[in-house]
Every structure is written in structure tokens, then in C-alpha cells.
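Only one structure is covered here, and it is reproduced in the block below.
No experiment lies behind these values; they were computed from the predicted model shown.
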Amino acid sequence: MADHYRLGVLPGDGIGPEIVPAAVQVLDAALAATGAEPVEWVPLPVGAAAIETHGSALPDVTVETLDKLDGWLLGPHDSAAYPAEHRAKLNPSGFLRKHFDLFANIRPAKAFEGTPALVPGLDLVVVRENTEGFYADRSTYRGTGEFMPTADVAIAMGIFTRPAIERIARQALELASRRRRHLTIVHKANVLRTSTGFFLEICRELAAGYPEVEVDDFHIDAMTVHLVRHGADFDVLVTENMFGDILSDLTGELAGSLGIAPSINASHDRAMAQAAHGSAPDIAGRGLANPTAMIASGAMLLDWLGSEHAKQAATLVDRGLRTAVASGVRTADLGGTAGTAEFTDAVVAAINESA
């Protein structure tokens, strides 16, 4: 692939305008250290600021421009704080995942050496199916999968289709084959026999083509206990949309903090880097936010882009993050006193020293 990339920058709400520029700064430093061409960053309106300027949390111009880019960074959004007429719509992240068919939500959880992880040695990846399952905003072509036939009855649909399950199973199996060759399928087939049982069945069908990968499975409720007790034993977890969202928040915290939990949302031809955490409005604008998850999400995007320089830069970013944390430069959620800018500068310095 070519080294020249055009990537969108969508700051989002809350701490987004602090952590997204931090990620851009670090990615630029890592790419420069590899000799790659600079990224062409394309700023785009999103979130509360876009409501003020464009009358929409996700203006048409943003979506149309993203369609022409190689990928983008999306900051957290605080859609619960939007005016009522905007809260009624799909939030920006949900809309983009659905619109661009970003079917694979890849969420690693890896503890940082020397930090107070609840599960020391945790190093796993949650592979979450991102387009259907029990998430009502993504389970129908038009409208949503929730409705009320009467004022006293609410119904939610969970959608499971063979094509969607097969493609997420392949993503998880390919990833497991490159890691420690262990895949865990998470489901609730003892109760939801037809839907999550279908998910389990198809994942096992696909796994037969990867004899080198050890495959096991657990019910979602039991899985939470196993992760707390011995999460370091797991490698790659694959599951449906809602279960994956819940498990990845849990594994991020078990690794030390949601502030270090990165993710990408990818299709076969585009990807969106997005930290797993929320907008943290209580600390917004104070320079306290941990930018690690956003920076690491950007590194995942570079790795996904696939050129030699981009992959090298992704490795440098990961090394820089871990060097900075190991040196004692940490934000408050990791037991330190560094602010966003100090931590970002420490990561850039570590990248420049190691390149």
C-alpha cells in the first residue's frame, strides 16, 4: 500500500478535543521517525460543536468527506447531553459504524508494566461483531430494532445472520492464529439457543478451518467471572455486539483503566480509530485526561493501513506508550500526576529516543 494517507480528525465532545490532538501529535512523530510521508489530516465537524455550527452532530459534509478518506480518528461523544431532537437520532459513532459497515470492533486489553492492573499480565483482544446482535440501532436496515406495540409493551430484537457471523469469526480466527492461537467464543446458548446458539455453531464451523487454533467457549455470565479470576489465560475472545461492548469495558478496567483501552472499527476497506471510553465531561478542559487509549487506537489504525512504514510507526507508538508509563510518567487514573500534555510529550520523546 502507498505511504501517503489522508485521515480524518473528528475531535468529539468532552475530553475529545484534548486527547485527539494528542494522538495526532504522537502518530506524526512515529511516522516521521520511520521516514514515512506525513499524513494529510482532514479536520471534520462532529458532536456538540457541530450542532452549533451545522445543526447536526454528524453533518452530511463530514460523512461525505469520510467516504473519500483512508480512515479517521473519532473522539468520544456525549450524545446524552445533546438537545432532545439530536438525542433521538443515532449517535455519531453508531451511525458511522452502520453507514460504513464497520463490522469488526477490535478491542485489545493489555496491562502496562508497573501499573496497578486488577489482572496482572492481562493481554487479550475482544473481537466484537459490530453491525447486528442485540444492538437495536444496528439491527435493521431502516428504523431500529426496538418498538412499542402498546403503551405497556416494549420489544427489542436481536438479529443474527450467517454472513455477519462468518466474517467476524474469520477476523477473530485470523487474529488468534497470529497471536497465541487460542480463541474463546462467548455466547448464551444455554438460554438464547436459536440466536447466540447460531453464533456459537457458525464460529465453530469456521474454526474447523484453523486446526492450529485452540477453540473453547463460555457463557457470557461465566466469562465475566473467568476474566476476573484468571484473565491472563485468555487470548482472543469473539462475541456478539452487546456482549462484546460489556466485556471490553470490563477487560479495559481489569488491565488498569478504561483510559488505556483502545479500539478500531473496521470493514474490509476502511477503519475508524476510537477509544473505548466515554467523553468524561467532569474532567474536560482541565488537561487531566489520559490520552493513551486514543493514541493506541491511532496506532491500531496505522497497523490496519498496512504499509511497512505505517506498521513500523504503530510499533513505535506502542513502545513509546509503554516506555513513558514504565518511566513513571502517568496520568491520575494510573496512579500518577502527569497531565495530558506532559504525558503526550513523554511518549513523543520516547519514540524519538528509540527510533
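- Between Leu7 and Leu73, every side-chain heavy-atom pair lies at or beyond the 4.5 Å cut-off.
- Scanning both residues, Pro45 and Pro59, for their nearest heavy atoms gives O-CD, 3.5 Å.
- Side chain of His309 to backbone of Thr34: a donor-acceptor contact under 3.5 angstrom is found.
- In this structure, His187 contributes its side chain and Ala189 its backbone to a donor-acceptor pair below 3.5 Å.
- In the hydrophobic clustering of this structure, Val191 does not group with Val225; members are Ile, Leu, Val, Met, Phe, Trp, Tyr whose side-chain heavy atoms approach within less than 4.5 Å, directly or through other members.
- Thr62 and Glu64 form no side-chain donor-acceptor contact under 3.5 Å, judged by distance and modelled atom types alone.
- Going from atom CG of Leu258 over to atom OG1 of Thr292 covers 12.5 Å, rounded to the nearest 0.5 Å.
- Between Asp101 and Arg167 a salt bridge is recorded (basic side-chain N to carboxylate O distance below 4.0 Å).
- Residues Glu129 and Thr239 have side chains not in contact (no heavy-atom distance under 4.5 Å, counting atoms from C-beta outward).
- Within a 6.0 Å radius of CZ in Arg204, more than 12 heavy atoms belonging to other residues, nucleotides or ligands are found.
- Counting only distance, with no hydrogens or angles, the side chain of Ser257 and the backbone of Glu253 share no donor-acceptor pair below 3.5 Å.
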Residues Cys203, Phe199; criterion side-chain contact (heavy atoms from CB on, under 4.5 Å); working and verdict: CA-CA 6 Å; Cys203 285; Phe199 188 95; 3.5 Å; yes
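- The local environment of CD in Glu113 is sparse, with at most 12 non-hydrogen atoms from other residues, nucleotides or ligands closer than 6.0 Å.
- Side chains of Val236 and Glu174 form no contact here, defined as non-hydrogen atoms less than 4.5 Å apart.
- Side-chain atoms of Glu240 come within 3.5 Å of backbone N or O of Met242 as a donor-acceptor pair.
- Here Glu40 pairs with Arg6 in a salt bridge; the nearest charged N to carboxylate O distance falls below 4.0 Å.
- Of all the heavy atoms in Ala271 and Ala266, the pair that sits closest is CB-CB, 4.0 Å.
- Atom CG of residue Leu102 and atom CD1 of residue Ile264 lie 9.5 Å apart, to the nearest 0.5 angstrom.
- Remark: Glu146 CD to Met148 CE distance equals 10.0 Å, nearest 0.5 Å.
- Here the options are Val46, Leu58, Asp13, the test is side chain to side chain contact (heavy atoms under 4.5 Å, CB included), and the partner is His77; only Asp13 passes.
- Side-chain contact, Asp269 with Ser267: a donor N or O sits under 3.5 Å from an acceptor N or O.
- Cation-pi geometry between Arg162 and Phe198 is not met at under 6.0 angstrom from the ring centre and within 45 degrees of the axis.
- Judged by distance alone, the side chain of Arg270 and the main-chain N or O of Asp70 form no donor-acceptor pair under 3.5 Å.
- For the pair Arg87 (side chain) and Tyr82 (backbone), a donor-acceptor distance under 3.5 Å is present.
- When all heavy atoms are compared, the tightest approach of Leu124 to Leu122 is CD2-CD1, 3.6 Å.
- Looking only at atom types and distance, the side chain of Gln274 has no donor-acceptor partner in the side chain of Arg107 under 3.5 Å away.
- Between Val317 and Leu27 there is a side-chain heavy-atom pair separated by less than 4.5 Å.
- Here OG1 of Thr144 is found 8.5 Å from CG of Leu90. Values are rounded to the nearest 0.5 Å.
- In this structure, CD1 in Ile283 is found 7.0 Å from OG1 in Thr340, a value given to the nearest 0.5 Å.
- Side-chain contact between Leu254 and Val228 is present, with heavy atoms from C-beta onward closer than 4.5 Å.
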In sequence, state the C-alpha distance, the side-chain angles, and the governing distance for Ile295 and Gln25, and then conclude on side-chain contact (heavy atoms from CB on, under 4.5 Å). CA-CA 9 Å; Ile295 294 170; Gln25 181 183 342; over 6 Å; no
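- Here Met272 contributes atom CE and Asn130 contributes atom CG; the two are 7.5 Å apart, rounded to the nearest 0.5 Å.
- Within the 3.5 Å criterion, the main-chain N or O of Ser177 finds no donor-acceptor partner in the side chain of Glu212.
- The two residues Trp41 and Asp28 come nearest to each other via the heavy atoms NE1-OD1, 2.9 Å.
- Outside the 6.0 Å centre-distance limit, the rings of Tyr135 and Phe243 are not counted as a close aromatic pair.
- No donor-acceptor pair under 3.5 Å is formed between the side chain of Thr115 and the backbone N or O of Ala111.
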Under the criterion side-chain contact (heavy atoms from CB on, under 4.5 Å), I'd like the reasoning laid out for Val215 against Tyr210: C-alpha separation, chi angles, the key distance, then a yes or no. CA-CA 9 Å; Val215 179; Tyr210 295 79; over 6 Å; no
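- Here the shortest heavy-atom pairing between Leu227 and Leu250 reads CD1-CD2, 4.0 Å.
- The shortest non-hydrogen separation linking Ala30 to Leu316 is O-CD1, 3.8 Å.
- For Trp72 and Phe100, the ring centers sit closer than 6.0 Å to each other.
- Side-chain atoms of Val125 and Asp235, non-hydrogen and from C-beta on, never get closer than 4.5 Å to each other.
- In this structure, a donor-acceptor pair under 3.5 Å is absent between the side chains of Asn91 and Ser93.
- Criterion: ILVMFWY side-chain heavy atoms under 4.5 Å apart, direct or through other members. Under it, Val42 and Val20 are not part of a common hydrophobic cluster.
- Each of Ile165 and Ile159 belongs to its own hydrophobic cluster when Ile, Leu, Val, Met, Phe, Trp and Tyr are linked at side-chain heavy-atom distances under 4.5 angstrom.
- Judged by distance alone, with hydrogens and angles left aside, the side-chain atoms of Glu18 form a donor-acceptor pair with the main-chain N or O of Gly287 at under 3.5 Å.
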Run the side-chain contact (heavy atoms from CB on, under 4.5 Å) test on Arg180 and Asp123 for me, step by step, so that the C-alpha distance in whole Å, both residues' side-chain angles and the decisive distance to 0.1 Å come before the verdict. CA-CA 10 Å; Arg180 301 194 303 276; Asp123 181 8; 3.7 Å; yes
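- No single ILVMFWY cluster, assembled from side-chain heavy atoms under 4.5 Å apart, contains both Leu44 and Tyr5.
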Yes or no on ring pair (Phe, Tyr, Trp, His ring centres under 6.0 Å) for Phe103 and His268, after CA distance, side-chain angles and deciding distance? CA-CA 9 Å; Phe103 67 88; His268 293 304; 5.0 Å; yes
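- Side-chain contact check for His182 and Asp233: no donor-acceptor pair (N or O, by modelled atom type) lies under 3.5 Å.
- Between His226 and Phe234, the ring planes lie tilted relative to each other; the angle falls in the 30° to 60° range.
- Remark: the Thr161 side chain and the Glu132 side chain contain an N/O donor-acceptor pair separated by less than 3.5 Å.
- Arg330 places none of its side-chain heavy atoms less than 4.5 Å from the side chain of Phe343.
- Within the 4.5 Å cutoff, the side chain of Leu206 has heavy atoms near those of the Glu166 side chain.
- In the hydrophobic cluster analysis, where Ile, Leu, Val, Met, Phe, Trp and Tyr join through side-chain heavy atoms closer than 4.5 angstrom, Ile19 is grouped apart from Leu10.
- Looking at Thr196, its side chain does come within 3.5 Å of a backbone N or O of Lys188 through a donor-acceptor pair.
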